[in-house]
Amino acid sequence: MSARPKKSFGQHFLHDTRYIDDIVRAIAPKADDTLVEIGPGEGALTLPLLAAAGTLTAIELDTDLIPALMARAAPVGLLTLLQADVLKVDFGALARERGGAPLRIAGNLPYYISSPILFHCIAHATAIRDMHFMLQKEVVDRMAAAPGSKVYGRLSVMLQLACHVVPLFEVPPAAFRPPPKVDSAVVRLVPRAAHELPAVDAEMLQQLVKAAFGQRRKTLGNALRGVLDATAIRTVGIDPQARAEALAPADFVRLAQQYAALRTA
Ligand code: SAM
């Protein structure tokens with residue numbers, strides 16, 4: 001049970017039991033939870049989660065890890081291992097297959113695709129009750145950043161509009177084998193209730209936020225050239241001379257609503 005970790009799969013296995021315990025305590029799994037783990041690896045989180053919940057579905061890309069993990073899990077509980085790329089897993093369909101309750105997703109994520117995984121999860125947010133992820137600390141800082149911060153950007157706006165973002169604690173490189181080059185942190189994401197979600201087309205919002213932060217140092221008027229003109233920006237009470245990093249997430253919603261209205265006019 002100590003295969004050589006594969007760099008190409010972002011494998012950094014947790015071995016420090018203090019942090020493993022802290023993560024499991026933060027998740028607080030219950031027997032009737034529908035738990036899903038992304039990237040179980042050698043099972044550092046899988047086994048304690050399985051022990052607490054009795055059943056768990058894990059999604060692992062690396063076929064080499066699967067037989068040993070199944071063998072270790074067998075005496076602990078009912079582990080369903082899906083050999084798949086998590087980015088191809090339809091969480092809505094998975095929740096329906098598992099009885100319909102929203103999923104509780106957890107994982108020490110492969111850092112090389114952490115942002116695509118986050119965007120994939122928020123696209124399926126209605127099927128998810130909560131998420132607990134280990135990520136690069138720098139990514140957690142960006143997810144939780146407030147307007148005006150140097151690290152506030154597309155990830156902050158899109159994540160905060162979809163979820164409550166709660167940074168929990170930091171984890172040093174020495175907690176992993178092999179140690180990553182960066183500090184890590186655990187974050188909790190709780191998808192917003194339907195009434196808290198922005199009334200705007202998700203695709204339009206994506207496009208607008210991407211354009212606004214595409215050229216951070218430009219004013220909004222310049223960054224959104226070809227998307228929204230200065231008059232349209234002013235119509236929703238926003239100064240076209242402002243920069244994207246000064247705008248609150250709700251401001252982007254108003255801009256995207258205006259963009260959608262003009263596109264369909
Ligand atoms: N959970 C284990 C732990 O904490 O020790 C392993 C975490 S390791 C950082 C990331 C895990 O994600 C690895 O097991 C890796 O093989 C798996 N992985 C990498 N890319 C993946 C993908 N696209 N879909 C599913 N799992 C993936």
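Start at 1 and go down the list; that is how both ligands and their atoms are numbered.
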Results of side chain to side chain donor-acceptor pair (under 3.5 Å) for Gln11 - residues two or more places apart only: Asp62
Please determine whether side-chain hydrogen bond (donor to acceptor under 3.5 Å, both in side chains) holds for the pair Thr57 and Arg98, giving the CA-CA distance in whole Å, both sets of side-chain angles, and the decisive distance to 0.1 Å. CA-CA 9 Å; Thr57 302; Arg98 295 287 179 275; 2.8 Å; yes
Give every donor-acceptor pair under 3.5 Å between a side-chain atom in residues 181-188 and any protein atom, sequence neighbours left out.
residue	atom	partner	partner atom	Å
Ser184	OG	Tyr111	OH	2.7
Arg188	NE	His132	NE2	2.8
Arg188	NH2	Ala26	O	3.0

Mind checking what residues have non-hydrogen atoms under 4.0 angstrom from ligand 1? Phe9, Gly10, Gln11, His12, Phe13, Leu14, Glu37, Gly39, Pro40, Gly41, Ala44, Ile59, Glu60, Leu61, Asp62, Leu65, Ala84, Asp85, Val86, Asn108, Leu109, Pro110, Tyr112, Ile113
Should the pair His120 and Phe91 be assigned to parallel (<30°), tilted (30 to 60°) or perpendicular (>60°) ring geometry? tilted
As an exercise, state the distance from CG of Leu220 to CG of Asp239, rounded to the nearest 0.5 Å. 8.5 Å
For His164, side-chain contact (heavy atoms from CB on, under 4.5 Å) partners two or more places apart: Val190, Arg192, Glu196
